[in-house]
Amino acid sequence: MVVLSNNDGCLISRSDEAKVLGFKMGEPYHQVRPLLELSRVKVFSSNYALYGDMSRRVVQVLSEFAAGVEVYSIDEAFLDFRGMSLLAPDLQRYGEQLRERVWRDTGIPTCVGIAPSKTLAKLANRLARKQKSSVKMLNNEADCQTALAQTLVGDVWGIGRRYARKLREQGIMTAADLAAQPESWVRRHLGGVVGLRLWRELHGQPCLEWNPAEDGDDEQLPPATGRHSLTHTRSFGRPQHELTALSEAVATFAARTGEKLRRHGLAAHLVTVLLGTDRYAPGIDSATRTAVAHLPIATDDTPLLTQAARRGLRRLHRPGVAYHRAGVLLSGLETAGQGQLYLFTPAAQLPPARPQLMAALDRLNNQFGRQTVRLAAAAGPKPAWEGWRAYQSPAYTTDWENLWQVK
DNA sequence: TCTGGGGTCCTAGGACCC
DNA sequence: TCTGGGGTCCTAGGACCC
């Protein structure tokens with residue numbers, strides 16, 4: 001079985017059998033499609049509503065096992081065991097219990113890595129998965145050394161393809177080799193302070209921030225370091241030239257960013273529009289061009305965001321150019337309703353804030369489906385630029401139509 | 001017809017300011 | 001030989017993560 005990226009573009013997830021058959025992560029679907037059919041591999045479009053909901057359920061279980069849970073990605077979380085008085089053997093057992101509970105309540109298999117730093121915990125988790133032991137603990141010098149020696153340098157969290165190659169060229173093959181380098185060398189060759197943090201983390205010295213889940217049924221958490229930006233971008237099903245179509249796309253994307261903003265209780269000062277040509281066309285100085293609009297006061301109001309985004313688009317758009325991708329990026333984020341007051345402009349002249357209207361909009365769209373109510377500037381149900389999703393599985397846990405079927 | 005999307009952090013050059 | 005120094009903003013790009 002394989003799962004495809006948005007627009008059914010690339011292979012982004014593969015079962016063990018598909019891996020054995022030689023299908024690679026990130027391979028373009030259209031290139032391997034005949035081979036997939038020949039091998040009778042089941043193909044699925046990605047289904048983020050389903051994954052998001054299952055992820056939420058797993059996190060719910062995790063939060064019963066530690067005071068602090070940091071949701072790092074859709075399928076990973078850090079648990080804060082500081083201050084817990086469990087001794088090593090009990091900690092191991094605790095990890096196993098956690099895993100059993102997640103399995104029982106969600107049917108999702110997990111692995112647990114326990115270590116003094118995030119980077120070492122990731123490394124331990126990886127070994128747990130490889131060694132089929134499900135829980136791996138690194139709580140003394142000897143175990144850490146063994147684990148580092150068993151890990152290729154490219155498999156360390158924070159070492160990507162480029163750094164891995166560079167390190168290998170220097171004869172640094174394993175995480176242990178990297179940890180053995182002098183600090184100054186690491187600082188010089190591995191992106192400055194970024195590399196330094198990584199190196200210290202490998203030595204069991206926590207250097208990465210603890211960012212607990214913002215979630216918050218009851219907030220007694222440290223100040224949210226929060227996110228700095230929020231985007232919605234899409235590749236088009238086919239290239240778009242016309243300002244009208246692009247404008248509809250950008251308005252639709254702006255509305256999505258507005259929804260995300262309100263869900264997180266944030267407001268944005270800066271609205272960036274991105275417009276991209278064909279990334280794969282040879283020779284063209286392709287790439288993405290951007291335009292930024294500054295809002296006088298931070299807002300989470302969809303009409304204002306849309307207006308700003310469309311203004312930016314008009315500045316970017318060149319007639320006759322084939323655009324393959326567009327997006328809206330919001331930055332300069334702050335907590336909604338806690339913004340700087342405006343000194344010189346009388347309140348009556350400020351852009352209108354319509355929290356109730358936005359709340360009503362979100363309620364309707366949550367209840368009756370995305371885009372049930374939208375701005376006229378946004379695109380209708382089947383826009384020309386929308387891509388494919390040919391093999392979508394049902395979102396059983398979130399889609400009320402499917403819930404009825406299950407009944 | 002055809003190659004994902006959402007993030008973070010860091011660096012650099014050009015245009016501009018005083 | 002020799003060209004000020006300290007800023008900001010904008011845009012772009014490189015590295016990494018999932």
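Letters go in sequence order (proteins before strands), and every chain restarts at 1.
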Item to check | Atom-pair distance (OH on A/Tyr48; P on B/dG7), nearest Å | outcome: 13 Å
Checklist entry - Can you find a pair of side-chain heavy atoms, one from A/Tyr163 and one from A/Leu198, that are under 4.5 Å apart? => result no
Next on the checklist: From CG of A/Asn7 over to P of B/dG5, roughly how many Å is that when rounded to an integer?
Outcome noted: 5 Å
Next on the checklist: Looking at A/His232, I'd like to know whether one of its side-chain N or O atoms comes within less than 4.0 Å of OP1 or OP2 on B/dG6.
Outcome noted: yes
Item to check | Neighbour count >12 (heavy atoms, 6.0 Å) for atom NZ, A/Lys19 | outcome: yes
Checklist entry - According to the 5.5 Å centroid and 30° plane-angle thresholds, does A/Tyr29 stack upon the nucleobase of B/dT3? => result no
Checklist entry - Given atom CG of A/Asn6 and atom P of B/dG6, what is their separation to the nearest angstrom? => result 8 Å
Next on the checklist: Let me confirm one number: the CG-CG distance from A/Leu152 to A/Leu167, rounded to the nearest 0.5 Å.
Outcome noted: 12.0 Å
Checklist entry - How do A/Gln31 and A/Ser229 order along DNA chain B: which one's closest nucleotide is nearer the 5' end? => result A/Gln31
Checklist entry - Base, sugar-phosphate, or nothing for A/Leu4, non-hydrogen atoms under 4.0 angstrom? => result nothing
Next on the checklist: Counting the atoms with a prime plus P, OP1 and OP2 as sugar-phosphate, which does A/Arg161 contact under 4.0 Å by heavy atoms, base, sugar-phosphate, or nothing?
Outcome noted: sugar-phosphate
Checklist entry - Between C/dC18, B/dT3, B/dG7, which nucleotide has the shortest distance from any of its atoms to the side chain of A/Leu230? => result B/dG7
Item to check | Whole-Å gap separating P (B/dT3) and CG (A/Leu11) | outcome: 14 Å
Checklist outcome for this item: From CZ of A/Arg289 across to C1' of C/dC10 the rounded distance in Å is 13 Å
Checklist entry - What nucleic acid atoms does A/Ile159 come within less than 4.0 Å of, heavy atoms only: base, sugar-phosphate, or nothing? => result sugar-phosphate
Checklist entry - Does A/Tyr51 put a side-chain nitrogen or oxygen below 4.0 Å from OP1 or OP2 of B/dG5? => result no
Checklist entry - Hey, are the side chains of A/Phe44 and A/Ser13 touching, using non-hydrogen atoms and a 4.5 Å cut-off? => result no
Item to check | A/Asp75 side-chain proximity, nearest of B/dT3, C/dC16, C/dC18 | outcome: C/dC18
Next on the checklist: If I take atom CZ in residue A/Phe253 and atom C1' in nucleotide B/dG4, what distance separates them, rounded to the nearest angstrom?
Outcome noted: 13 Å
Checklist entry - A/Asp8 near the nucleic acid: base, sugar-phosphate alone, or nothing, with a heavy-atom cut-off under 4.0 Å? => result nothing
Item to check | N/O donor-acceptor pair under 3.5 Å between A/Lys136 side chain and A/Arg126 backbone | outcome: no
Next on the checklist: Counting the benzene-type ring for Trp, do A/Tyr94 and A/Phe65 have ring centres under 6.0 Å apart?
Outcome noted: yes
Checklist entry - When you measure from the side chain of A/Asp75 to the backbone N and O of A/Ser55, does any donor-acceptor pair fall under 3.5 Å? => result no
Checklist entry - Okay, side chain of A/Ser5, backbone of A/Ile12: is any donor-acceptor separation there less than 3.5 Å? => result no
Item to check | Whole angstrom value for the distance that separates P of B/dC9 from CH2 of A/Trp157 | outcome: 12 Å
Next on the checklist: Can a side-chain donor-acceptor contact be found between A/Ser15 and A/Glu17 if the only test is distance below 3.5 angstrom?
Outcome noted: yes
Checklist entry - Under 4.0 Å between a side-chain N or O of A/Arg234 and OP1 or OP2 of B/dG6? => result yes
Next on the checklist: Does B/dG6 have its OP1 or OP2 closer than 4.0 Å to a side-chain nitrogen or oxygen of A/Thr233?
Outcome noted: yes
Checklist entry - What nucleic acid atoms does A/Lys122 come within less than 4.0 Å of, heavy atoms only: base, sugar-phosphate, or nothing? => result sugar-phosphate
Next on the checklist: What is the separation between atom CG on A/Leu274 and atom C1' on B/dG7, rounded to the nearest whole Å?
Outcome noted: 13 Å
Item to check | Distance test, side-chain N/O of A/Arg238 to OP1/OP2 of B/dT1, below 4.0 Å | outcome: no
Checklist entry - Which part of the nucleic acid does A/Arg315 contact within heavy-atom distance under 4.0 Å: base, sugar-phosphate only, or nothing? => result sugar-phosphate
Next on the checklist: Below the 4.0 Å mark, does B/dG7 have OP1 or OP2 next to a side-chain nitrogen or oxygen of A/His228?
Outcome noted: no
Checklist entry - Would you say A/Arg279 reaches B/dG4's phosphate, i.e. side-chain N/O to OP1/OP2 under 4.0 Å? => result yes
Next on the checklist: Counting the atoms with a prime plus P, OP1 and OP2 as sugar-phosphate, which does A/His324 contact under 4.0 Å by heavy atoms, base, sugar-phosphate, or nothing?
Outcome noted: nothing
Checklist entry - Just by modelled atom types, is the A/Arg234 backbone N or O under 3.5 Å from a matching donor or acceptor in the A/Trp385 side chain? => result no
Item to check | Main-chain N/O of A/Thr110 paired to A/Arg99 side chain as donor or acceptor, under 3.5 Å | outcome: yes
Next on the checklist: Please convert DNA chain C into dot-bracket. A pair counts if it is Watson-Crick or G-U wobble with both distances under 3.5 Å; crossing pairs go in [ ] and bases paired with another strand get |.
Outcome noted: ....||||||||||||||
Next on the checklist: What's A/Glu76 touching, base or sugar-phosphate or nothing? Going by heavy atoms closer than 4.0 Å.
Outcome noted: sugar-phosphate
Checklist entry - Which nucleotide, B/dG6, B/dC2, C/dC10, lies nearest any side-chain atom of A/Thr231? => result B/dG6
Between the protein and nucleotides 11-14 of chain B, list the N/O to N/O atom pairs that are separated by less than 3.5 angstrom.
none

Checklist entry - Is the backbone N or O of A/Leu313 less than 3.5 Å from a side-chain atom of A/His317, with the two atoms forming a donor-acceptor pair by type? => result no
